[in-house]
*Asks:* 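This structure is in C-alpha cells; I'll ask about it shortly.
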Amino acid sequence: AAPQPAPAAPATAAAATSEAAAKTAWLASLDREPSWMGAAAAAPAQVGSAVPPPAHEPSDEEKAKAAWLASLDKEPSWKGVAVPTTAPVAGAAAVTGRVVPTAEPGSVAEREVAAKAKWLAMVEQGK
C-alpha cells in the first residue's frame, strides 16, 4: 500500500487567511492616491474653501489661436483693391484672342489643326 499524504488543512487555512488579508490590503491601497502624486494629492481640497483657484495663464498656442480668430473678423487686406484688368500689354495689338496650336508640317496634328480652324471659321460665320 502506498503511503497516504498528511492532511494539509492547517496550512490551507493559514494561506486563505493571508490571501484574504493581502486582498483587503490591496483593495485599501486602491482607495488611496498614488505616492508619486505627492502630498498635495494626499490632502484633498476643502469643498467651498476661501482660496480661489489659480488663474489660468493661456499658452502660446492659445494666444496665437485667439489672435488668428480675431484677424478673421477684420476686413481682408485684398478686399476693395482694384486690380487693373485692362492695362495695355506689350504686343497687345498682335493678340487676336485665339489660341493657335502649332504642329509639324504634314502630320496628323497639322491636319487636325486645319480641320479645327475650318470648323471655327464656319461657326463664326454662322453667328
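All figures in this text were calculated on a predicted structure; none of them were measured in a lab. Sequence positions, counted from 1, serve as the residue numbers for this chain.
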*Asks:* Give me each pair satisfying side chain to side chain donor-acceptor pair (under 3.5 Å) with a member in residues 51-61, each pair once, sequence neighbours excluded.
*Replies:* His56-Glu62
*Asks:* Check this for me: Lys63, atom NZ, are more than 12 non-hydrogen atoms of other residues, nucleotides or ligands nearer than 6.0 Å?
*Replies:* yes
*Asks:* Would you be so kind as to tabulate the donor-acceptor pairs closer than 3.5 Å made by side chains of residues 15-31, with sequence neighbours excluded?
*Replies:*
unit_1 : atom_1 : unit_2 : atom_2 : d
Thr17  : OG1    : Ala13  : O      : 2.8
Ser18  : OG     : Ala14  : O      : 3.4
Ser18  : OG     : Ala15  : O      : 3.0
Thr24  : OG1    : Ala20  : O      : 2.8
Ser29  : OG     : Trp26  : O      : 2.6

